2 protein chains.
Amino acid sequence: MVNDPGAVDATPARAPTIKDVAARAGVGIKTVSRVLNDEPNVRPEMRDRVLEAMASVEYRRNSMASSVRRRDQRTASIGLVVEDLANPFASQLTRVVQDHALRRRYLVLVGSSDGVAEREREIVGEFCSRRVDGLLVVPSGTDQSYLAAERERGTPVVFIDRPGKKITADAVVSENEIGVQQATEHLARHGHTRIGYLGDRQSVHTAERRLAGYRAAMTELDAEPDTGWVRTELTDASAAYRAATGMFQQDDAAPTAVVCGNNLITVGTLHALQALGLRETVAVVGFDDLDLADLLRPALTVITQDIEAIGERSADQLFTRLDNPGEEYARVSVPVRLVPRGSGEIPPPPHGEGE
Amino acid sequence: MVNDPGAVDATPARAPTIKDVAARAGVGIKTVSRVLNDEPNVRPEMRDRVLEAMASVEYRRNSMASSVRRRDQRTASIGLVVEDLANPFASQLTRVVQDHALRRRYLVLVGSSDGVAEREREIVGEFCSRRVDGLLVVPSGTDQSYLAAERERGTPVVFIDRPGKKITADAVVSENEIGVQQATEHLARHGHTRIGYLGDRQSVHTAERRLAGYRAAMTELDAEPDTGWVRTELTDASAAYRAATGMFQQDDAAPTAVVCGNNLITVGTLHALQALGLRETVAVVGFDDLDLADLLRPALTVITQDIEAIGERSADQLFTRLDNPGEEYARVSVPVRLVPRGSGEIPPPPHGEGE
DNA sequence: TTGTATGCGTTATCAT
DNA sequence: ATGATAACGCATACAA
């Protein structure tokens, strides 16, 4: 009973290794390895014997062991850190990145930082411990310099949506400023001069750029924005709801149109306008598309980011850097697009009305 | 220049190992390993020396090597196969699973099968090659028996959203039938007798159950559904659009209310009703919530799945099985909830109208 | 064309 | 309490 040759399978059946396959096929392990890695110098007959043996024991290569031994230590996986995977922007981005990665037989590890710098670091640490070949990061907080160490050890980093802080690296970013500028001009073209803006925390790069786009447009239009027309630091829909309610309850000087800095803010603002009975009165342009935007009445005019392009460009950027390190860091800008659907084309009320 | 003591770093700086840490701390590698794994029998003084050395070289454990050597081969990761990560149901589910996994220091690998059985198998294969400790699968196609092999090798499987076919295993499933039954009864309670149903392919378990719920309610109401009131095999929003358009253009016998079998169908149906000018005339209840459902007019009444509970229960189920294998397989049912918002409470038009 | 021996970074065994 | 050494499953160098 010592060498248990024909023992009943009591143990959970250790997964078969190339040794098992080799023994079964009556070849050396190196031949199995060659078949596994599509290396040359294997007689078709041998190859078939090996493949058959693999199938019969349902062999599955242990890619852990493989990458430990590999000279380049490659794991064929990359890590992606988003803010919140439950957010449509993040999940669509993840899907695109996965598709592009899978095309190169790469797997994607995903983590949600919730915009908390500490969590971002933890997730990155976990990824690096798994020896991902590269990192895609939507950065949170004020300092990504910790990533320099990972990079020097051979793990390239590409930032998405906004550049990392205190570090120079590749980044793929939407043209936030231009987008909001165009949205504002669009509203002006439809007759508005009293245009408001509701935005996120200015510490977030994208929010800062978007407000800059608004200001640029207003300056160009000689429409000095009233202080009551701009609210920032709105971190969620309910904050936006309160801010919008306040903004449009200003009897004297409420704006006739508003640009919303992101989709949470758009949702909060729409709820506020709904409650005030102003849905069909105040013109609205939102940043980022929403699923049912075209079923709303009026349908929602938005500036959409090209998530497909963002995902593709950032994956490409990462894989390119994996293939040839030592290139110059690049900042890729992805155009945004204004989609008029109705809410952004509402004209201002006739002069003198509103009290 | 042979042993390059102070060589300029030309190479991409191999990641430090426990050997490097041990040398720097002046201890054996086993001591480092002990610190790393919180094993007993390390003098606090030693531990501090090791921790300091780790910090100074920014050591990151290589969990690949770790799990290769481990007796249990554990990788502290699980695999999750969804249909499409870009779909809100999938991404919210993923988020919940990740949170519960991360609490146990587990990582989640995600893949999108697009409902294609072949892709599901590929992804599972990739996950198994990465030696995930367990699998969560939203099954596609007609046969998950291939997963039996993985399970026998010690990788437990839990199905989500619908049970796997040709295999007995744990499953966490919403009460689809009850949900649609309640939705139908809800419409009946508001005066409707001519209630339609638009559903997905009957080969999909959830779709089959949902239609069964509709039929059960109709039978109970003695409201034999007209053949023109039920359309299935609708795989996307545009198919639903066409089906709904056809259904409500039946001059004589169009239903006055409709239940939509999933959110894509709901979107298609709403577009169709919009085009026909029937948005405020036909009562609608959708299965699965939509982001802006409450901003629509009328706001959308839905049956929502408890994604939080589904994710939590399935993760728990998997981890429980990891800790003690050999338990009986269980099928967990998660209740759904009817959320009345307006569209499901529209009364039928007065009798005799409609031509 | 094929196989043997060595090593990857870690955990496990066992001696000290 | 600590460390030398074997072993994990695989890739690599090199011999046959």
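Chain letters run A, B, ... following the sequence lines, proteins first, then strands; residues in each count from 1. These numbers were taken from a predicted model, which means no experiment stands behind them. Hydrogens, waters and symmetry mates are skipped; everything else that's a heavy atom, side chains included, is used.
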Quiz item: Side chain of B:R49, backbone of B:A25: donor and acceptor closer than 3.5 Å?
Solution: yes
In whole angstroms, how far is the [atom2] atom of [N] from the [atom1] atom of [X]?
X	N	atom1	atom2	result
B:D20	C:dT10	CG	C1'	13 Å
B:Q73	C:dA12	CD	C1'	13 Å
A:K19	C:dG3	NZ	C1'	14 Å
B:R43	D:dT2	CZ	C1'	9 Å
A:N41	D:dA13	CG	P	15 Å
B:L36	C:dA12	CG	P	12 Å
A:E39	D:dA11	CD	C1'	8 Å

Exercise. Output every pair passing salt bridge (Lys or Arg N to Asp or Glu O under 4.0 Å) with a member in residues 103-112 of chain B, not counting sequence neighbours, ordered by first then second residue.
Key: A:E126-B:R105, B:R104-B:D316
Quiz prompt | Sequence neighbours excluded - salt bridge (Lys or Arg N to Asp or Glu O under 4.0 Å) pairs with any residue from residues 24-36 of chain A | solution = A:K30-A:E39
Quiz item: Side-chain N or O of B:N37 less than 4.0 angstrom from OP1 or OP2 on C:dT11?
Solution: yes
Exercise. Not counting sequence neighbours, list each pair that qualifies as a ring pair (Phe, Tyr, Trp, His ring centres under 6.0 Å) and has a residue in residues 121-160 of chain A.
Key: none
Exercise. Could you check which residues of residues 27-35 of chain B get a heavy atom under 4.0 Å from DNA chain C? Sort them by number, please.
Key: B:I29, B:K30, B:S33
Practice problem: Within residues 46-71 of chain A, find the residues that approach DNA chain C with a heavy atom at under 4.0 Å, and present them sorted by residue number. | Solution: A:M46, A:V68, A:R69
Quiz prompt | Of the listed nucleotides D:dT2, C:dT2, C:dG9, the one nearest the side chain of B:V42 | solution = D:dT2
Self-check item: Residues, nucleotides or ligands: over 12 heavy atoms within 6.0 Å of A:R313 CZ
Solution: no
Quiz prompt | Residue pairs passing the side chain to side chain donor-acceptor pair (under 3.5 Å) test where at least one lies in residues 318-327 of chain B, sequence neighbours excluded | solution = B:D170-B:R321
salt_bridge([X], [Y]) N-O dist < 4.0 Å:
X	Y	result
B:D114	A:R95	yes
B:E122	B:R119	no
B:R153	B:E150	yes

